[in-house]
Enquirer: 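This is the structure I want to talk about, given as C-alpha cells.
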Amino acid sequence: MLWSNICFVCGYYFRKSRSIFGYLLIGTVASLAAPILSVYLPRTVVQAVTEGWEFSHLALGVGVLALGIMLLNILSMLSGIKYSQKAFNGRMKMVQQLEEVMVSCKYPLTEDPTWQNKIDLAGDTVFSDSSQRGIAGIVQSLRDFVVNILGIFTFSTILGLLHPAVLVILIFTSLVPGLVAGRMTLYETRQREKWLPCNKQIKYIRNHTTTAEAGKDIRLYDAAGFFLGQMEEAVMKRLVWVKKLALRRLGADGVDTLMMILQNSVALGFTACEIIQGRISIPDFTFYSGSAIQFAQFMNRFVKSYSIVKRCSKDVEILREAYAFMPEKKTVVTLQNPERPAPRIQFDHVSFTYPGSEEPILKDICFQALPGEKLALVGVNGAGKSTLVKLLCGLYQPTSGQILIDGIPTTQWEEGELFGLFSTVFQDMLVLPFSVLENVAPSGRADVAKVRRCLEQAGLSQRFPDLNLPLVKGIQDGAENLSGGEEQKLLLARALYKEAPILVLDEPTAALDPLAESELYTKYNEFTQKKTSFFISHRLASTGFCDKILLLGEGRILEEGSHAQLLEQGGMYAHMFHEQSKYYADKAEGKEGGNQ
C-alpha cells in the first residue's frame with residue numbers, strides 16, 4: 001500500500017503540476033553536490049598545508065570550492081522554494097477535487113456520520129501545512145527521500161573503499177532510530193481515533209463561541225464559565241495523549257542521540273587508527289571522517305524521511321478512500337422548459353428505512369398529486385414529512401414501493417433531469433456568502449434581467465438595487481446579513497428563478513410568526529398556480545389554501561382530504577387545528593389585554 005500511495009501522489013502531480021519534477025531534479029543534484037564539495041574542501045586545505053602549497057594556489061582552490069558550495073546551496077534553496085510552491089498548488093487542486101466529491105456524491109452519504117468523519121480526515125490530509133502530516137508531509141519527505149537515497153549511495157561507496165566494517169556499523173546505528181520511529185508512527189496511527197473526539201469538541205467550542213449568534217446567549221445566560229469549563233475539560237483529555245506521545249518521543253530521541261554518538265565514535269576512532277598505522281594520509285583522514293559524518297547524516301535523514309512518508313501514506317490512503325466516492329458521471333441538472341406542464345405524481349406503496357436503522361420511517365405510503373395540485377404535509381415532529389420530501393426529490397430511493405412522475409418511476413429518471421423538476425425551499429435555509437445575484441442564480445448561468453424580475457416578485461427589488469452586494473457578514477468585506485423575512489423572500493426569488501414545475505416547501509417558515517408565515521405562503525401560492533406544489537408546515541391554518549392535506553403520523557398517512565373535509569371528519573387533524581387556533585386566540589387576547 002505504501003508504494004501504491006507514493007505512486008498515487010507522484011501520478012497526481014505529474015498530471016496536475018509536472019514541472020515540480022524538474023525542480024526536484026535540480027534540487028537533488030544541488031543538495032548532493034554541495035556535501036561532496038564540503039567534504040573535499042577541508043581535505044584540500046589540509047593537503048595544501050602538509051604539502052606546502054603556494055598561497056595563491058591554496059586561495060584559488062579554496063575559493064573555487066567555497067564559491068561552488070555557496071552557489072549549490074543557493075540553487076538548492078531556490079529550487080526548494082519553487083518545489084514547495086508547486087507542491088502547494090497541487091495540494092490546492094486536491095482540495096478542489098475533494099470539494100467536488102463532497103458536492104457530487106450521492107446525497108445519503110452526506111447524512112452518514114462515518115462518511116462525514118472520513119471526509120473530515122481527508123480534509124485534514126490536504127489542508128494541513130505540516131511537514132510531517134498529510135499531502136504536504138509526503139511531498140516534502142519524498143524530495144528528502146530521493147536526496148538521502150542518492151547521498152547514502154554516494155558516501156557508502158566512498159566509505160566502502162576505507163573498510164566495509166565501518167559502513168556496516170554506520171548503517172546499523174542509523175537503522176535502529178528508524179525502527180524506533182516506525183514503532184512510534186504505528187502507535188500514533190492506532191491511537192489517533194481515541195483523541196479525535198477531543199479535537200472535535202475543542203474545534204466545535206472554539207468555532208461556536210466566537211460567533212455573534214452564540215455571543216448573545218453566552219452573555220445573557222452567563223454561560224461563559226460553562227463553555228470555558230467544557231473547553232478546559234476537553235483540553236485536559238487531549239493533554240493526556242500529548243503527554244503519552246511526548247514521553248514516547250523522548251525515548252525515541254534518546255535512542256537517536258545514543259546512536260549518533262556511537263556513529264561519530266566509530267567513524268573518527270577507526271579513521272584515527274588508520275592514520276596511526278600509516279594506511280591513510282592526514283588529508284585522507286579529513287576526507288574519510290567528513291564522508292562518515294555526511295553518510296551518517298544522510299542515513300539518519302533517510303530513516304526519518306521514510307518514517308514520515310510511511311506515516312503520511314496512511315493519510316493519503318484516507319484521501320484516496322474519499323476520492324473513491326466521486327461519481328463516474330457528474331450530475332448536470334437539466335433546467336426544465338418554463339412552459340412544461342406540471343407533472344402527475346404518485347406514491348405507490350412506498351416504505352423507507354434509513355441505512356443502518358431497523359425501524360422504517362415511512363410505511364406503505366400511497367397518494368397521488370394531480371398536475372397543478374397543491375398538497376400540504378402536516379403532522380408532529382418525526383412523522384416522516386421531511387423524509388417523504390427527500391424521497392420525492394430523488395435524494396433517497398424507497399426501500400420498497402415506487403414513486404412515479406408522469407407514470408415513470410423515479411429510479412428510471414436521469415438524476416440531473418429529476419433534480420431539474422424541483423424548486424425547493426428547506427427549513428435549514430442556505431444563504432450563500434456571495435452576491436445577491438449568485439444567491440438567486442447559484443448555478444452560475446445568471447440572467448440578470450430574470451434575477452431582477454424574480455426579486456421584484458419576491459418583494460426585494462428595492463432592498464437590493466445592487467445585485468453585486470455580498471451577503472453574510474464576516475466572510476466578505478461590505479457584506480450584509482438578512483432578517484428572517486428577507487431570507488425567506490430571497491429563497492422565494494431563487495425558487496422562482498429556476499422555474500421548475502414542482503415546488504417543495506419543507507417548513508421554511510418555522511422561525512416566523514403565524515401572520516408572516518401565512519403572508520409568505522400566500523405569496524408562494526400566488527406564483528405557483530400552474531405548478532404541482534408540496535407545502536410542509538406545523539401551523540395548520542397556513543395550509544388551508546391547499547387542494548389536499550395529508551396528515552402523517554408514525555410513518556403512515558392517518559388522514560387525507562381538504563381542509564374543510566378534515567375539519568368535518570372531526571379526527572386528529574381537526575383536534576390539532578382547534579388546539580392551535582385556541583393557542584393563537586389566547587395569545588392574541590393576551591396582547592390586547594396588555595395594550596389596554
Enquirer: Looking at the rings of Y13 and F21, which for Trp means the six-membered one, are their centres under 6.0 Å apart?
Expert: no
Enquirer: Check this for me: K314, atom NZ, are more than 12 non-hydrogen atoms of other residues, nucleotides or ligands nearer than 6.0 Å?
Expert: no
Enquirer: CG of L392 to CD1 of I502: how many Å apart, nearest 0.5 Å?
Expert: 6.0 Å
Enquirer: Please check this pair: side chain of N5 against backbone of S313, looking for a donor-acceptor N/O pair closer than 3.5 Å.
Expert: yes
Enquirer: I need the minimum non-hydrogen distance between S31 and R143, along with the two atoms involved.
Expert: OG-NH2, 4.2 Å
Enquirer: Would you compute the distance between atom CG of L505 and atom CG of L492 and round it to the nearest 0.5 angstrom?
Expert: 8.5 Å
Enquirer: Near K363 NZ, under 6.0 Å, is it more than 12 heavy atoms from other residues, nucleotides or ligands?
Expert: yes
Enquirer: Let me see the working for L78 and I26 under side-chain contact (heavy atoms from CB on, under 4.5 Å), right down to the final yes or no.
Expert: CA-CA 10 Å; L78 293 177; I26 294 171; over 6 Å; no
Enquirer: Checking the side chain of T110 only, and the main-chain atoms of Y107 only, is there a donor and an acceptor separated by less than 3.5 Å?
Expert: yes
Enquirer: Rounded to the nearest 0.5 Å, what's the gap from CD on Q96 to CG on L98? Could you check?
Expert: 11.0 Å
Enquirer: Suppose we screen for side-chain contact (heavy atoms from CB on, under 4.5 Å). Which residues come up paired with I149, at least two apart in sequence or across chains?
Expert: F145, F302
Enquirer: Between E438 and R494, does at least one N-O distance fall below 4.0 Å, as a salt bridge requires?
Expert: no
Enquirer: Is the backbone N or O of A495 less than 3.5 Å from a side-chain atom of S423, with the two atoms forming a donor-acceptor pair by type?
Expert: yes
Enquirer: Carefully, step by step, assess S435 and L467 under the rule side-chain contact (heavy atoms from CB on, under 4.5 Å).
Expert: CA-CA 7 Å; S435 69; L467 297 183; over 6 Å; no
Enquirer: Is the backbone N or O of K16 less than 3.5 Å from a side-chain atom of K93, with the two atoms forming a donor-acceptor pair by type?
Expert: yes
Enquirer: Find out whether V378 and L550 are in side-chain contact, i.e. whether some heavy atom of one side chain is under 4.5 Å from a heavy atom of the other.
Expert: no
Enquirer: Flag the pair E358 / T353 as yes when at least one side-chain heavy-atom distance between them is below 4.5 Å, and no otherwise.
Expert: no
Enquirer: More than 12 heavy atoms of other residues, nucleotides or ligands under 6.0 Å from OH of Y306: is that the case?
Expert: no
Enquirer: How long is the gap from OG on S84 to CZ on R91, to the nearest 0.5 Å?
Expert: 10.0 Å
Enquirer: Between R452 and P465 (side chain of the first, backbone of the second, donor and acceptor by atom type, cut-off under 3.5 Å), is there such a pair?
Expert: yes
Enquirer: So F426 and I536, do their side chains get closer than 4.5 Å, heavy atoms only?
Expert: no
Enquirer: More than 12 foreign heavy atoms under 6.0 Å from CD of E554: is that the case here?
Expert: no
Enquirer: Apply the test side-chain contact (heavy atoms from CB on, under 4.5 Å) to residues K489 and E486: give CA-CA distance (whole Å), side-chain angles for both, the deciding distance (0.1 Å), then the verdict.
Expert: CA-CA 5 Å; K489 292 177 181 179; E486 288 173 337; 5.6 Å; no
Enquirer: Using a 3.5 Å distance criterion without hydrogens, assess whether the side chain of Y396 forms a donor-acceptor pair with backbone atoms of L388.
Expert: no
Enquirer: Could you label the plane-to-plane angle of the Y354 and F352 rings as parallel, tilted or perpendicular, counting under 30° as parallel and over 60° as perpendicular?
Expert: perpendicular
Enquirer: Which pair of heavy atoms, one from L418 and one from W413, lies closest together, and at what distance?
Expert: CB-CB, 4.0 Å
Enquirer: I'd like to check I20 versus F14 (side-chain heavy atoms, cut-off strictly below 4.5 Å). Are they in contact?
Expert: no
Enquirer: Has the side chain of S79 got a donor or acceptor atom that lies under 3.5 Å from a matching backbone atom of S76?
Expert: yes
Enquirer: Going by heavy atoms in the side chains, are R463 and V436 under 4.5 Å from each other?
Expert: no
Enquirer: Less than 4.0 angstrom from a charged side-chain N to a carboxylate O is my criterion; do R301 and D144 meet it?
Expert: no
Enquirer: Main chain of P113, side chain of N117: is a donor-acceptor contact present, judged purely on distance under 3.5 Å?
Expert: no
Enquirer: Hey, what do you get for CD (Q97) to CD (E99), rounding to the nearest 0.5 Å?
Expert: 11.5 Å
Enquirer: Please determine if K118 forms a cation-pi arrangement with W115, meaning its NZ or CZ atom is less than 6.0 Å from the six-membered ring centre and no more than 45° off the ring axis.
Expert: no
Enquirer: Just wondering, do I308 and C312 contact through their side chains at under 4.5 Å, heavy atoms?
Expert: yes
Enquirer: Please answer whether the main-chain N or O of L2 pairs with a side-chain N or O of K310 as donor and acceptor at a distance below 3.5 Å.
Expert: no
Enquirer: Would you say the side chain of S386 lies within less than 4.5 Å of the side chain of D506, judging by non-hydrogen atoms?
Expert: yes
Enquirer: Do the rings of Y323 and F8 sit parallel, tilted or perpendicular, given the 30° and 60° boundaries?
Expert: tilted
Enquirer: Set out, in order, the CA-CA distance, both residues' side-chain angles and the distance that settles side-chain contact (heavy atoms from CB on, under 4.5 Å) for V309 and S141, then state yes or no.
Expert: CA-CA 6 Å; V309 168; S141 297; 3.5 Å; yes
Enquirer: Answer yes when E499 and K450 have at least one side-chain N-carboxylate O distance shorter than 4.0 Å, and no when they do not.
Expert: yes
Enquirer: Counting N and O atoms only, with roles assigned by atom type, does the side chain of E417 sit under 3.5 Å from a partner on the main chain of E414, one being a donor and the other an acceptor?
Expert: no
Enquirer: Is there a side-chain contact between L432 and L471, using heavy atoms and a 4.5 Å cut-off?
Expert: no
Enquirer: Between CD1 of I135 and OG1 of T125, what distance do you get to the nearest 0.5 Å?
Expert: 6.5 Å
Enquirer: Could you list the residues that satisfy salt bridge (charged side-chain N to carboxylate O under 4.0 Å, His left out) with K390, not counting sequence neighbours?
Expert: E111
